[in-house]
A.B. asks: 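Right, I'll just put the structure down here and ask away after.
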Number of protein chains: 2
Amino acid sequence: EALRYLSTLRFSEDDLAYLESTGLFQTKFLDYLKGVRFTGEVHALPEGSIFFKDEPVLEVSGPIIEAQLAETFIINAVSLQTLIASKAARSFHVARGRPLIDFSLRRDQGTDAGLKVARASYLAGFQGTSNVLAGKLYGLPIFGTMAHSYITSFPREIEAFRVFARLFPGITTLLIDTYDNIQGAHKAALVAKEMEARGERMRYVRLDSGDIAAISQEVRKILDTEGLDYVRILASGGFDEFKMARVLAAGGRVDSFAVGTKMGVSADAPYFDCAYKLVKYGGRPVMKLSTGKVTLVDKKQIQRRYDDKGRMLRDTIALRDEVAPDAAPLLQQFMAGGRLTRPLPTLQESREYFLSQFALLPEPYKAIEEPAPYPVDLSPGLQDLQARVEREIHQRELGEM
Amino acid sequence: EALRYLSTLRFSEDDLAYLESTGLFQTKFLDYLKGVRFTGEVHALPEGSIFFKDEPVLEVSGPIIEAQLAETFIINAVSLQTLIASKAARSFHVARGRPLIDFSLRRDQGTDAGLKVARASYLAGFQGTSNVLAGKLYGLPIFGTMAHSYITSFPREIEAFRVFARLFPGITTLLIDTYDNIQGAHKAALVAKEMEARGERMRYVRLDSGDIAAISQEVRKILDTEGLDYVRILASGGFDEFKMARVLAAGGRVDSFAVGTKMGVSADAPYFDCAYKLVKYGGRPVMKLSTGKVTLVDKKQIQRRYDDKGRMLRDTIALRDEVAPDAAPLLQQFMAGGRLTRPLPTLQESREYFLSQFALLPEPYKAIEEPAPYPVDLSPGLQDLQARVEREIHQRELGEM
């Protein structure tokens, strides 16, 4: 998406008229903007790649103004989708194969986030989304169930269940917590038997509140007693990887989770502290020394090493041209002269790539509480250059007054 | 915005073709969607109103399908802007008149959020934003400073300062932390004196890292020693109301804050738990009893009482038609028959309305740590109806199996 933005970057007449109206800019600059296009090159990790702290994700080379105009959009696009994909991958990890559905749209931070959350969570292993527009735009599988208002609009809950089962016999999922989960489960079982008599099969009952671990066990028993072992249990309501892990550890009998708000805004880590910094200018490697925000100089590459079973072992951040015959270089060239140099992967391909890579990441790094830190070091070449540039800046900037 | 959505709600041919392609819907339903328009009425709080837990913000009446189609968008729009405006209002409160600027765009959750954060923070008392598109769309004042990359692109920091001061003499704000704040302040003072010699005045120096309370005091001294008491100090970097309060309590000499990520994603409370629930259907008040999610029945009104000095005293959530001569009703009718019944306030008007109301809210309720809970109760009429409906549901739904 960042790449598509770069390749279509331009200012409309309307934009320029607004900028002129602010009185902040010179006419010469506005004339320049009229014709501006991105003409540089981009190296980036393919979408779906797994990366770690301090590793470069995307490097843009080109005239500084072109690279600078794109800064905010690139940070915004890369950081949101990385954030959500990371949060969603943690749920995917905990769910151990149980299907996960994105139900977050209504509480996502805006409509653009709603689309990107659906996309990023699908990339990270979710089965689909309740966001129908995302389904349309990205070709994602869409899922829905019934609303509480559907049930309360009927005089009796069981009538709501019966009508719904008649209308959607192939995809019947009944929400059973509107008044009481256990009573709801008995009514759902009754309707499921009525469906059986018509040669149909109910798919899911959905739990949306209360102590899901305990309730799901009771509901499972009610269903099994009626011979409805094929009716599965979907749980929703405040789920993320932590609640999911608690419910499963407590013996919850949940077959599928609808994951909403907490994944959709990445509630425990709602922003991703990525930066877009100048690392080289006019052939000169540069950095800033601001407290706690020191940057790594020059064009870089990530070298990844695997163990003899093919599992990820450790990464080295190196200068772009440093060679390491035993490591795989991760950043690839995607643009040159302002044009794509290779076709972008489809979302489906990125999802498969992510899932294949995630399987190669050893368990300790995937723990949702106190994960082991994945080893990332700096190459000797990068360390030397970094130290040299830092020395030069100290001499030049801090001694001169 | 929710109202604008309702009044323009419709499905395009393209949308309908997609829905048909999913195979989930009957042709009759899709034909209905083709012609669907919102025909109902809406009562809502005017934008900029202050409201509290459990209070209704917006009530939609109309054919259930029309009201239901709008659910997700309304929750999304109302909750994000409420969330951000609340977070921003806390900064506004702590800043005590110091100008605040929204710098959050790059880390906001998507581009739509970027726009809405700029808008909502302006409504809650901010002076403007660095989001130029939001400036264009909403008419907000826009602000910018220089980037670290601007400085590192020059061989020496002081050259960057000099060139910038020449290019933007009217709005010179120099970022002084790239290599070292104190050295940066000395260089900025030098450039400010050069500007004075040309009859110009530097406006701000900007601090972006480190111990802002201590550094700002040192920088203030450096500037004052040079007779530059008119050059003000702008601070940025991880600010929200908490960090702002700490820096000011520690004697920080900051004249203005750029507030970014933590406000833009409301980092300590990244979602607003609002719901959109069916409260009445076919003349029958309805509710759900799900654990921890019980809803209040029927159409409602908020009655607000003020003390004899005009300050907000307490609220009562009542049935729509209950009369309270000593209280102000807060929900107003905005739509009838699918059309606006009054002009929507401009953003400027909403901002002024918010600021006037916020001034009437006593200090204890505005404390950023351990605020006093503002008193909200239920009217006798609402309590009675709520109890009656709950009894009826218990008899009907929980005794019948």
A.B. asks: Which bit of A/S79 comes within less than 4.5 Å of chain B, counting heavy atoms only: side chain, backbone, both or neither?
C.D. replies: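 A/S79 touches chain B through side-chain heavy atoms alone.
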A.B. asks: Closest approach of A/P270 and B/A267, non-hydrogen atoms and distance?
C.D. replies: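 Answer, listing the atom of A/P270 first, then B/A267: CG-O, 3.5 Å.
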A.B. asks: Contact between B/S153 and A/V286 at the side-chain level, heavy atoms closer than 4.5 Å - yes or no?
C.D. replies: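 No. Closest side-chain heavy atoms not under 4.5 Å.
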A.B. asks: Only pairs of heavy atoms separated by less than 4.5 Å count here; which of A/I171, A/I182, A/T152 has the most with chain B?
C.D. replies: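 Of A/I171, A/I182, A/T152, A/T152 has the most heavy-atom pairs under 4.5 Å with chain B.
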A.B. asks: Measure the spacing between CG of A/D108 and CD1 of B/I75 and express it to the nearest 0.5 Å.
C.D. replies: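 It comes to 11.5 Å.
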A.B. asks: Distance-only, no hydrogens or angles: does the A/N76 side chain make a donor-acceptor pair with backbone N or O of B/L105 under 3.5 Å?
C.D. replies: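 Checking the backbone N and O of B/L105 against the side chain of A/N76, a donor-acceptor pair under 3.5 Å is found.
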A.B. asks: So what's closer than 4.5 Å to chain B heavy atoms on A/L80: side chain, backbone, both or neither?
C.D. replies: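 Contact with chain B: side chain only.
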A.B. asks: Check whether A/L83 gets within reach of chain B through its side chain, its backbone, both or neither, counting any heavy atom under 4.5 Å.
C.D. replies: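 For A/L83, side-chain heavy atoms alone lie under 4.5 Å from chain B.
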A.B. asks: Do you know which two heavy atoms are closest between A/Y179 and B/L289, and how far apart they sit?
C.D. replies: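 Looking at all heavy atoms of both residues, the shortest contact is O-CB, 3.8 Å.
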A.B. asks: In terms of heavy-atom pairs under 4.5 Å, which option from A/A147, A/G170, A/G282, A/G135 contacts chain B the most?
C.D. replies: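 Ranked by contacts with chain B, first place is A/G135.
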A.B. asks: What's the separation between atom CD in B/Q109 and atom OG in A/S266, rounded to the nearest 0.5 Å?
C.D. replies: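 Answer rounded to 0.5 Å: 7.0 Å.
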A.B. asks: Rounded to the nearest 0.5 Å, what's the gap from OG1 on A/T72 to CZ on B/F103? Could you check?
C.D. replies: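 It comes to 10.5 Å.
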A.B. asks: Locate the shortest heavy-atom distance separating B/E397 from A/R156; write the atom from each residue and the value.
C.D. replies: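 Looking at all heavy atoms of both residues, the closest pair is OE2-CA, 3.2 Å.
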A.B. asks: What pairs of residues pass the salt bridge (charged side-chain N to carboxylate O under 4.0 Å, His left out) test when at least one of them lies in residues 129-139 of chain B, not counting sequence neighbours?
C.D. replies: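 For residues 129-139 of chain B, and leaving out neighbouring residues, the salt bridge (charged side-chain N to carboxylate O under 4.0 Å, His left out) pairs sorted by first residue read A/D14-B/K136, A/D15-B/K136.
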A.B. asks: Evaluate the side-chain proximity of B/L278 to A/Y150: yes if any heavy-atom separation is below 4.5 Å, no if none is.
C.D. replies: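 A/Y150 does not reach B/L278 side chain to side chain.
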A.B. asks: Which residue out of A/G144, A/P155, A/P141 racks up the most heavy-atom pairs below 4.5 Å with chain B?
C.D. replies: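 Counting heavy-atom pairs under 4.5 Å, the top option is A/P155.
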A.B. asks: Please collect all salt bridge (charged side-chain N to carboxylate O under 4.0 Å, His left out) contacts where either partner lies in residues 268-285 of chain A, sequence neighbours excluded, each pair once.
C.D. replies: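 Passing the test, one end in residues 268-285 of chain A: A/K87-A/D268, A/D273-B/R107, A/K280-A/D298.
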A.B. asks: Can you tell which part of A/I151 gets under 4.5 Å to a heavy atom of chain B, answering side chain, backbone, both or neither?
C.D. replies: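 Neither; nothing under 4.5 Å.
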A.B. asks: Could you please spell out the steps behind the side chain to side chain contact (heavy atoms under 4.5 Å, CB included) verdict for A/R106 and B/F73?
C.D. replies: CA-CA 7 Å; A/R106 62 201 180 129; B/F73 185 85; over 6 Å; no
A.B. asks: For A/V117, is it the side chain, the backbone, both or neither that has a heavy atom under 4.5 Å from a heavy atom of chain B?
C.D. replies: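 The answer is neither part of A/V117.
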A.B. asks: Mind checking whether A/D208 and B/S290 have side chains closer than 4.5 Å, heavy atoms only?
C.D. replies: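 Result no, sub-4.5 Å side-chain heavy-atom pair not found.
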A.B. asks: Given that the side chain runs from C-beta out, which part of B/F168 has a heavy atom under 4.5 Å from chain A: side chain, backbone, both or neither?
C.D. replies: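 The answer is the side chain of B/F168.
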A.B. asks: Could you state the interatomic distance from NE2 (A/H148) to NZ (B/K288), rounded to the nearest 0.5 Å?
C.D. replies: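 Between atom NE2 of A/H148 and atom NZ of B/K288 there are 3.5 Å.
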A.B. asks: By a 4.5 Å heavy-atom criterion (distance strictly below it), what part of B/V294 contacts chain A: side chain, backbone, both, or neither?
C.D. replies: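 It is neither, since no heavy atom gets under 4.5 Å.
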